[in-house]
Structure formats: C-alpha cells, structure tokens
Amino acid sequence: MAYWLLKSEPDAWSWDQMVKAGSKGTAWTGIRNHTAKLNMKKMKKGDRGFFYHSNIGKEIVGIVEVIKEAYADPTAEAGSPWVCVDVKAVEPLKKPVSLAAIKAEPKLADIQLLKQSRLSLPAITDGEWKAICKMGGL
DNA sequence: GCCAACGTTGGC
DNA sequence: GCCAACGTTGGC
C-alpha cells in the first residue's frame, strides 16, 4: 500500500465536491507534468492519498482512495501521454493539517510536498502518513 | 547538448 | 501582486 498527496485548488475542485461525488468517486484529471504522471502510474487500486487544498486554505482536509488505476486522461488530446486516476472520498480529517503545521513538524522535514512544492502529486511515506493522520486527529 | 528566455505553479 | 522553483522551448 502506497500513499500520495493530491493537490487541488478548491476553486476548481474542492473536498466538498469530492464528498458529494460519493462512492463512485471522480476522475482526477488535468495533470500535465511528467513526474506527477510517473507517480500516477504507480498508484494502485486501494492506495490512499491526502486531499490537499492548494492556494486557498493550504491544508490537508481529507483522505481519498484510488478506485481506478491510471488510464488515458479524457481531458487531454488524443494520443498524448497524459493519464488520470479515479479517486473517492474516504473520510475528512477531524482537524485539517495546514502547510504551516507540516513545515513546523520535524518528522516531516523531508516530505516531498515541501521539497518539490510545484509537484501536484507528491508521494507520502508510511511514517509521514502516520504522523499527518495523528496531527489530523485520526 | 547547452543555456537563456519564458510560462506556470503555488506560497507569501 | 510578487517572487522562487522549475519545466519547456528554441537559438546556437
């Protein structure tokens, strides 16, 4: 089981919309970055990810689960290499974990989210996952 | 194959 | 609105 962090601008797609999509989930499309694409191809059904609000909020608000592995992104040009996955909301964090809190936590100093701030799909290690869940009250 | 210019993301 | 990080493009 691997862990990920999915960035989304709440203006475009928020946690509330993720929850409303229910168990059918939604396609997480629009990734146009090769590092993120490679990570997406590693995502397996059942993997979990944090749902992070970028720009507005700048905090982790919930947990999602991969329900469909990488396939051709329907929002990309036909024949382009871009892929997407389907994810569904699992549960919200009891207490959102802000970017400031992540930066302040020594255990999270090496987290890819901070190392590559522009990457929309960083990986999360087991240790980081546990630490953030705890910070989020789970 | 290098590097400058430029565009985009995302935090502040 | 600014700027740092960084990916991409295009000239050489």
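Convention: sequence-line order gives letters A, B, ...; per-chain numbering from 1.
No chain of hydrophobic side-chain contacts below 4.5 Å, direct or via other Ile, Leu, Val, Met, Phe, Trp or Tyr residues, connects A:Trp15 to A:Leu93.
A:Tyr52 has no side-chain polar atom (N or O) that falls below the 4.0 Å cut-off from OP1 or OP2 of B:dT9. For B:dG10, neither phosphate oxygen OP1 nor OP2 lies less than 4.0 angstrom from any side-chain nitrogen or oxygen of A:Lys58.
Between A:Trp129 and A:Tyr3, the ring planes lie parallel to each other; the angle is under 30°, not in the 30° to 60° tilted range. Using the six-membered ring where Trp is involved, A:His34 and A:Trp82 have ring planes that are tilted, between 30° and 60° apart.
Counting heavy atoms from C-beta outward, A:Ile56 and A:Glu9 have side chains that stay 4.5 Å or more apart. Between A:Val66 and A:Lys44, the closest side-chain pair of non-hydrogen atoms is not below 4.5 Å.
Between A:Leu114 atom CG and B:dG10 atom P there is a gap of 14 Å when expressed in whole angstrom units. Atom CD in A:Glu9 sits roughly 13 Å away from atom P in B:dT8 (whole-Å rounding). When rounded to the nearest whole Å, the span between CH2 of A:Trp82 and P of C:dT8 equals 7 Å. Counting to the nearest Å, the C1' atom of B:dC12 and the CD1 atom of A:Ile56 are 14 Å from each other. Going from atom CG of A:Leu5 over to atom P of B:dT9 covers 17 Å, rounded to whole Å. To the nearest angstrom, C1' of B:dG10 lies 10 Å from CG of A:Leu99. For the pair A:Leu121 CG and C:dG7 P, the computed distance is 15 Å after rounding to whole Å. Protein atom CD1 of A:Ile102 is 16 Å distant from nucleotide atom C1' of B:dC12, rounded to whole Å.
With salt bridges taken as basic N to acidic carboxylate O contacts below 4.0 Å, none links A:Lys42 and A:Asp47.
Defined by atom type and a distance below 3.5 Å, a donor-acceptor pair is present between the side-chain atoms of A:Thr75 and A:Arg32.
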Between protein and nucleotides 3-6 of chain B, what N or O pairs are separated by less than 3.5 Å?
none

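Residues of residues 33-43 of chain A having a heavy atom closer than 4.0 Å to DNA chain C, listed by number: A:Asn33, A:His34.
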message: Pair A:Leu108, A:Leu114 - check side chain to side chain contact (heavy atoms under 4.5 Å, CB included), show working.
response: CA-CA 9 Å; A:Leu108 302 176; A:Leu114 297 181; 5.6 Å; no

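A:Trp13 pairs by the ring-ring contact (aromatic ring centres under 6.0 Å, His included) definition with nothing, not counting sequence neighbours.
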